[in-house]
Amino acid sequence: MSLGRALVLTISDSAAARKREDLSGPEAGRILTEAGFDVSGVEVLPDERFDIESRLRRACEEGFVLVVTTGGTGLSPRDTTPEATLAVIERAVPGIPELMRLESFKVTSRAALSRAVAGIRRSTLIINLPGSVKGVRECLGAVQPILPHAVATLNRSSLGCGE
């Protein structure tokens with residue numbers, strides 16, 4: 001049984017310009033598929049805040065239960081994924097990025113530089129992941145056990161239960 005539809009968005013100027021192959025998005029898609037999500041695909045967007053916000057809003061309207069982004073969470077001036085996500089979400093879920101940073105910090109102190117956020121818009125959970133394959137594996141590995149409960153809770157609330 002599927003946990004629901006998921007979308008992966010890779011945020012990268014160089015991948016969007018086809019100057020480098022996107023490896024982190026397909027890895028996130030593979031992990032989510034193995035976890036039981038119906039991954040509709042991996043889309044690549046440039047590091048443009050307006051484009052990121054627009055796609056996140058559309059994804060929520062399209063009924064995805066989960067949207068994960070990969071990339072754009074660092075300290076570079078072009079890294080605007082967290083700001084775009086904060087502009088779109090209605091409620092933050094700070095424990096998710098806290099858990100990802102905690103687990104990643106066990107491997108590298110650079111995890112403290114992550115600005116990733118997570119939150120909810122309508123009944124869609126949005127999670128920012130790092131832009132590296134290694135970071136995607138670490139962070140999704142940390143939160144994967146809680147994702148089924150999170151999306152089930154959101155799905156119940158979108159049906160009008162528990163209000």
Side-chain angles (χ1 to χ4, degrees), residues 1-12 15-16 21-49 51-73 79-101 103-104 114-162:
M1 183 172 140
S2 172
L3 294 173
R5 292 177 57 230
L7 177 65
V8 177
L9 301 175
T10 296
I11 313 301
S12 167
E21 182 182 1
D22 172 29
L23 300 175
S24 61
E27 182 66 5
R30 181 192 68 75
I31 293 167
L32 292 173
T33 298
E34 288 179 3
F37 288 93
D38 176 17
V39 178
S40 296
V42 177
E43 299 176 16
V44 180
L45 300 173
D47 286 288
E48 294 292 341
R49 183 173 167 175
D51 294 343
I52 300 164
E53 286 181 29
S54 296
R55 186 60 186 111
L56 288 173
R57 283 189 179 96
R58 234 177 31 255
C60 296
E61 292 166 5
E62 293 168 356
F64 288 99
V65 299
L66 177 66
V67 177
V68 298
T69 66
T70 147
T73 61
D79 291 337
T80 60
T81 304
E83 288 76 18
T85 302
L86 288 169
V88 168
I89 61 172
E90 298 160 339
R91 294 182 292 152
V93 184
I96 290 175
E98 289 169 5
L99 177 59
M100 292 188 309
R101 281 187 281 272
E103 289 303 311
S104 292
S114 170
R115 298 180 319 106
V117 299
I120 301 161
R121 180 179 179 93
R122 297 183 180 184
S123 58
T124 303
L125 178 61
I126 302 170
I127 302 173
N128 299 157
L129 301 173
S132 70
V133 171
K134 182 176 178 286
V136 165
R137 287 179 184 148
E138 290 169 7
C139 291
L140 275 181
V143 300
Q144 189 277 325
I146 63 172
L147 293 180
H149 178 72
V151 298
T153 302
L154 285 172
N155 187 36
R156 277 195 305 272
S157 64
S158 70
L159 296 175
C161 301

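Partners of Thr124 according to the side chain to side chain donor-acceptor pair (under 3.5 Å) rule, which considers only residues two or more places apart in sequence or in another chain, do not exist here. Under the rule for a side chain to side chain contact (heavy atoms under 4.5 Å, CB included), the partners of Ala35 that lie at least two apart in sequence or sit in another chain are Phe37, Gln144. Under the rule for a side chain to side chain contact (heavy atoms under 4.5 Å, CB included), the partners of Thr33 that lie at least two apart in sequence or sit in another chain are Val39. Arg101 pairs by the salt bridge (Lys or Arg N to Asp or Glu O under 4.0 Å) definition with nothing, not counting sequence neighbours. Looking at residues two or more places apart in sequence or on another chain, you find a side chain to side chain donor-acceptor pair (under 3.5 Å) between Ser12 and Ser14, Arg20. Every residue two or more places apart in sequence or in another chain was checked for a side chain to side chain contact (heavy atoms under 4.5 Å, CB included) with Pro145, and none qualifies.
Residue Gly25 comes nearest to Val42 through the heavy atom pair O-CG2, 3.5 Å, listed as atom of the first residue, atom of the second, then distance. Heavy-atom minimum distance, Arg57 versus Ala87: NH2-O, 3.5 Å. Closest heavy-atom contact between Leu125 and Ala150: CD2-CB, 4.0 Å. Of all non-hydrogen atoms in Glu53 and Val88, the two that sit nearest each other are O-CG2, 3.7 Å. Closest approach of Arg122 and Leu154 over heavy atoms only: O-CD2, 4.5 Å. Closest approach of Ala118 to Pro97, counting heavy atoms only: CB-CD, 3.7 Å.
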Item checked: side-chain contact (heavy atoms from CB on, under 4.5 Å) between Ile146 and Ile96, intermediate numbers included -> CA-CA 9 Å; Ile146 63 172; Ile96 290 175; 4.1 Å; yes

Next item on the list: Evaluate the criterion salt bridge (Lys or Arg N to Asp or Glu O under 4.0 Å) for residue pair Glu48 and Arg55; output intermediate values, then yes/no.
Entry: CA-CA 11 Å; Glu48 294 292 341; Arg55 186 60 186 111; over 6 Å; no

Checklist line | side-chain contact (heavy atoms from CB on, under 4.5 Å) evaluation trace for Leu140 with Ile127 | finding: CA-CA 10 Å; Leu140 275 181; Ile127 302 173; 5.8 Å; no

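Between Leu3 and Leu66, every side-chain heavy-atom pair lies at or beyond the 4.5 Å cut-off. Using a 4.5 Å heavy-atom cutoff, the side chains of Leu56 and Leu9 are in contact. Counting heavy atoms from C-beta on, the side chains of Pro130 and Ser114 never come closer than 4.5 Å. With contacts defined as side-chain heavy-atom distances shorter than 4.5 Å, the pair Pro46/Asp51 qualifies. Between Cys60 and Val67, the closest side-chain pair of non-hydrogen atoms is not below 4.5 Å. Side-chain contact check for Leu32 versus Leu147: some heavy-atom pair is nearer than 4.5 Å.
Thr73 and Asn128 share no side-chain donor-acceptor pair at under 3.5 Å. Looking at Thr10 and Asp22, their side chains do bring a donor and an acceptor atom within 3.5 Å of each other.
Residue Leu45 holds its CG atom at 4.5 Å from CD1 of Ile11, rounded to the nearest 0.5 Å.
The residues Lys134 and Glu27 are annotated as not salt-bridged, no charged nitrogen and carboxylate oxygen being separated by less than 4.0 angstrom. Residues Arg30 and Glu34 are paired through a salt bridge, judged by an N-O separation under 4.0 Å between the basic side chain and the carboxylate. Salt-bridge annotation for Arg49 and Glu83: absent, with no side-chain N of the basic residue lying under 4.0 Å from a carboxylate O of the acidic one.
A donor-acceptor contact shorter than 3.5 Å links the side chain of Ser24 to the backbone of Gly131.
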